[in-house]
Amino acid sequence: MSRLATHLGGVRAAVAACLLTLVALPGAAQQAAPGAAAQRITPSFKDADITQVIEAVGAATGRNIIIDPRVRAQVTMLSSTPMSPDAFYEAFLALLQVHGFVAVPSGNVTKIIPDANARQVPGNDLPGRVSATSDEIVTQVVAVRNVSAAQLVPILRPLIPQYGHLAAYPSANILIISDRANNVNRMLRIIQRIDQASDADIEVVALQNASAAEVVRTMTALTQAQAQAEGGSPQMRVVADDRSNSVLLSGEKSQRLRARTLIAYLDTPLANGGDTRVRYLRYADAEKIATKLKEQITGAAAGPPAAQGAQAIADRSTIIWAEPETNALVITAPPKTMNSLMTVIDSLDIRRAQVLVEAIIVEVTADKSAELGVNWLIDGTNEDRAVGGFIEPVGGVSIVDLARAADDPSTLTAVPRGTTIGIGRLGDTGINFAAVIRALRGDSDTNIIATPSIVTMDNQEAQIKVAQEVPFVTGQFTNTGGNNNGAVNPFQTITRQEVGTILKITPQINEGDSVMLKIEQESSSIAGTSSGAVDLITNKRTINTNVLIEDGGTIVLGGLIQDTQTSGEQRVPFLGRIPILGEAFRTRSAKKNKTNLMVFIQPRILRDGVATTFETNQKYNYIRDQQRRSGPRGEVLPLLPGIQKQVLPELPVPPVPAAPAPDAGRSTPQGLPQGSGPPGGSSAPGGTPSGAAGPAPAPAPAPAPARSQDVPR
């Protein structure tokens, strides 16, 4: 079968060659004759070996052709109309391009090689004219005049096939292109279209009213947005010259014309006239802000030496003063300084968040004490007998005190506590004796819960005191003689100290929902007994600390857990240790004190009016509920008939302001920024300034049900 296919291929090639020869021979004969018509060729190759076509091309064009051994292919070349030898050669070059080969002329010889090696073989180098239809390999050097040759390489590289060559020589700003003539011709036309002289120029626009830096900032933001929308079109450069207050433009003529129109619009004088503005503050203190702004201007004037001249001029022409009655700032400054000051004011005059801080002070104390003892006394002086006894106070009372009270009741200043069992004899004759057994047991429990709460703004110190002014004696003396005619004048000096609960706190809201708290907490009280002291005794608990806690969380600041146990015994040596009998010669006492003290803190961030209203309603309703529950109930016979118990009224629902008029947002005076109207001016119902369409405040949340526990959350 292979032999048959080879034979048939040879037959087809021979037939095609015969057909080409038959067409060409008459033409050749006519060409030999003087004045004969040009030779015409009608190729007809179908699945022929490429060497057959190369031989026919060489015979028709008279070229000497050398074939590379790697040139192997079965090709088809058909034409329905006759063509000239030059046209036949151009069609042959196109056939080679289709099959990945190229014809490279070298003197009188044409080489047929694979196109992968075309860039390494000299071809038609630097021709005066590059054909737009030829497929021959051409190398051309292109001088670029207006743009950078290196920037054109990545743009033109995708248009060059793999076997072609494209490179830039930056020093001479030229491009080297090696490819087929028709593609090189296309590259030359593209480069010619790109390599156009720009009409970019630099213009200086002097400003009369606006600040050059502010105008440049506005135009830069606008041009960047346009460039992104247009997909990276050439941008116009805009630079500000602060010294001359001018704007420098660099770009195309049409861009510069649009920029000049925009600058002329921005450089219009303010409608309110002059460089003076009145800025009404909403949240900040005008007097404090005025002082800080003056420091800002003074510090800017003391900047680098290169900028001191312009800054000093701006400082001398800048006047800032505060009007406390309307909480307003009056500023006179150049446009650039005015814009800078307004930016600072916008950042400072903001609503600060508030913090509700609740402290919980819990103190649980348990005291237990017990005393047991026997006192006895024998007096035998009337009978010349011995006198003796065991006297030791039990519960602060001794048998001597009781005996004296039995003889003279006026000496008894206080009723003895506890159980007292006594027996004895008191007479003028005989032996007198007395014996007393005293036993005491005391238990006391204390449960103190204090919940001071306070609301303050962020970074603002706040303090709450729930205390009493208690006098303490600090000194005393007696004054005699002088103008008092010898009378004695006792004199005491006292000082008053606060005893109670004192909470001082400074919150700082961090990024997120955490709060840093600087806390000074003091809880003091007067001790129940002052035995052994010259004056009152106060119990004081103080905590000074800094903590970090999440919004709504609870943290323990500190505390004290103390357990004290004391026991004592008074006895007669040796006799007091005798079992059972020794109880008559000794007294015993025991005391145990246990204290649990803890201080907790819980902050809540109130970021807006809704959160503030909710917390207020919660505490308000709790107090109102406690008032309603307090006092006697169901009295059959009221002591004050017709008088009702005072209770807090229900919280009113804040009114919702009516919707603003459609043109309310345009009623602000010209030149005055929106929302900066005077707080004391005419206002619409609900407190909204006239002409400022503020949002309607959210209605107050429903009153929270009062809790039954004693401590509000």
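Hydrogens, waters and symmetry mates are skipped; everything else that's a heavy atom, side chains included, is used. Fair warning: this is a prediction, and the values are worked out from it, not measured in the lab.
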Peer 1: Carefully, step by step, assess R352 and Q460 under the rule side-chain contact (heavy atoms from CB on, under 4.5 Å).
Peer 2: CA-CA 10 Å; R352 289 190 292 170; Q460 188 74 36; 3.6 Å; yes
Peer 1: Under the rule for side chain to side chain contact (heavy atoms under 4.5 Å, CB included), what residues qualify as partners of I561, not counting sequence neighbours?
Peer 2: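 Residues passing side chain to side chain contact (heavy atoms under 4.5 Å, CB included) with I561: N596, M598.
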Peer 1: CD of E650: more than 12 outside heavy atoms within 6.0 angstrom?
Peer 2: no
Peer 1: Is any side-chain heavy atom of R279 less than 4.5 Å from a side-chain heavy atom of D346?
Peer 2: yes
Peer 1: Kindly indicate, with the supporting measurements, whether the criterion side-chain contact (heavy atoms from CB on, under 4.5 Å) is fulfilled by L341 and I297.
Peer 2: CA-CA 9 Å; L341 294 177; I297 296 298; 3.8 Å; yes
Peer 1: If I compare all heavy atoms of L597 with all of R541, which pair ends up nearest, and what's the gap?
Peer 2: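 Heavy atoms only, the tightest pair is CD2-CG, 3.1 Å.
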Peer 1: Do D625 and R628 have side chains that get closer than 4.5 Å, going by heavy atoms?
Peer 2: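 Answer yes - side chains close enough.
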Peer 1: Specify the closest pair of heavy atoms between V216 and V239, including all atoms of both residues, with the distance to one decimal.
Peer 2: CG2-C, 3.9 Å
Peer 1: Would you give the length of the straight line joining atom CG of N546 to atom CD of E520, rounded to the nearest 0.5 angstrom?
Peer 2: 9.5 Å
Peer 1: Return the set of residues passing side chain to side chain contact (heavy atoms under 4.5 Å, CB included) with L651 (not counting sequence neighbours), or none when no residue passes.
Peer 2: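 L651 satisfies side chain to side chain contact (heavy atoms under 4.5 Å, CB included) with N617, Y620 once adjacent residues are dropped.
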Peer 1: At what distance, to the nearest 0.5 angstrom, does CG of L281 lie from CG of L329?
Peer 2: 4.5 Å
Peer 1: Between the main-chain N or O of A366 and the side-chain N or O of D445, is there a donor-acceptor pair closer than 3.5 Å?
Peer 2: no
Peer 1: Taking the side chain as every heavy atom from C-beta outward, state whether M342 and R277 have any atom pair closer than 4.5 Å.
Peer 2: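 Counting from C-beta outward, M342 and R277 do come under 4.5 Å.
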Peer 1: Is any side-chain heavy atom of V470 closer than 4.5 Å to a side-chain heavy atom of T538?
Peer 2: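 Heavy-atom side-chain distance check fails, nothing below 4.5 Å.
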Peer 1: So do P452 and V466 actually touch side chain to side chain, heavy atoms under 4.5 Å?
Peer 2: no
Peer 1: Quick check for you: to the nearest 0.5 Å, what is the distance between L372 atom CG and R438 atom CZ?
Peer 2: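 Answer for the CG-CZ pair, L372 versus R438, is 11.0 Å.
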Peer 1: Does the side chain of Q602 pick up a donor-acceptor pair with the side chain of T554 at under 3.5 Å?
Peer 2: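 Yes, side-chain donor-acceptor contact under 3.5 Å.
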Peer 1: Specify the closest pair of heavy atoms between D242 and A213, including all atoms of both residues, with the distance to one decimal.
Peer 2: OD1-CB, 3.9 Å
Peer 1: Check whether N459 reaches the backbone of Q508 with its side chain - one donor and one acceptor, N or O, closer than 3.5 Å.
Peer 2: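 No, the answer is negative, given that no donor and acceptor are paired below the 3.5 Å cut-off.
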Peer 1: Between D458 and R607, does the salt bridge (charged side-chain N to carboxylate O under 4.0 Å, His left out) criterion hold? Intermediate values first, please.
Peer 2: CA-CA 10 Å; D458 184 23; R607 299 190 181 276; over 6 Å; no
Peer 1: Find out whether D563 and K592 are in side-chain contact, i.e. whether some heavy atom of one side chain is under 4.5 Å from a heavy atom of the other.
Peer 2: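 Touching, per the 4.5 Å side-chain cut-off.
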Peer 1: Tell me, with the steps shown, if E358 and R604 meet salt bridge (charged side-chain N to carboxylate O under 4.0 Å, His left out).
Peer 2: CA-CA 8 Å; E358 293 181 322; R604 291 191 185 90; 3.1 Å; yes
Peer 1: What pair of heavy atoms forms the shortest contact from I601 to I549, and how long is it?
Peer 2: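 So the minimum-distance heavy-atom pair works out to O-CD1, 4.0 Å.
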Peer 1: What distance separates I519 CD1 from Q521 CD, expressed to the nearest 0.5 Å?
Peer 2: 8.0 Å
Peer 1: Kindly determine whether T326 and V278 satisfy side-chain contact (heavy atoms from CB on, under 4.5 Å), including the steps that lead there.
Peer 2: CA-CA 11 Å; T326 57; V278 178; over 6 Å; no
Peer 1: With the side chain counted from C-beta on, respond yes when I331 and I345 share a heavy-atom pair under 4.5 Å apart, and no when they do not.
Peer 2: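 I331 vs I345: side chains touch.
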Peer 1: Under 4.5 Å between any side-chain heavy atoms of K591 and K368, yes or no?
Peer 2: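 Result no, sub-4.5 Å side-chain heavy-atom pair not found.
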Peer 1: Has the side chain of Q627 got a donor or acceptor atom that lies under 3.5 Å from a matching backbone atom of L648?
Peer 2: yes
Peer 1: Calculate, to the nearest 0.5 Å, the distance between atoms CD1 and CD1 belonging to I505 and I454 respectively.
Peer 2: 7.5 Å
Peer 1: Where do L207 and D267 come nearest, in terms of heavy atoms and distance?
Peer 2: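 Closest heavy-atom pair between L207 and D267: CA-OD2, 3.5 Å.
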Peer 1: Quick one: does S524's side chain have a donor or acceptor within less than 3.5 Å of a partner on G500's backbone?
Peer 2: yes
Peer 1: Of the non-hydrogen atoms in V355 and P603, which two are nearest, and what is the gap between them?
Peer 2: CG1-CB, 4.0 Å
Peer 1: Please walk me through it: do I289 and L348 pass side-chain contact (heavy atoms from CB on, under 4.5 Å)?
Peer 2: CA-CA 8 Å; I289 294 295; L348 296 179; 3.7 Å; yes
Peer 1: Are the side chain of D513 and the backbone of E550 linked by a donor-acceptor contact shorter than 3.5 Å?
Peer 2: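 No.
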Peer 1: Quick one: CG on L293 to CD1 on I320, what's the gap to the nearest 0.5 Å?
Peer 2: 5.0 Å
Peer 1: Taking atom CD of Q468 as the centre, does the number of heavy atoms from other residues, nucleotides or ligands within less than 6.0 Å exceed 12?
Peer 2: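 At most 12 heavy atoms, drawn from other residues, nucleotides or ligands, come within 6.0 Å of this atom.
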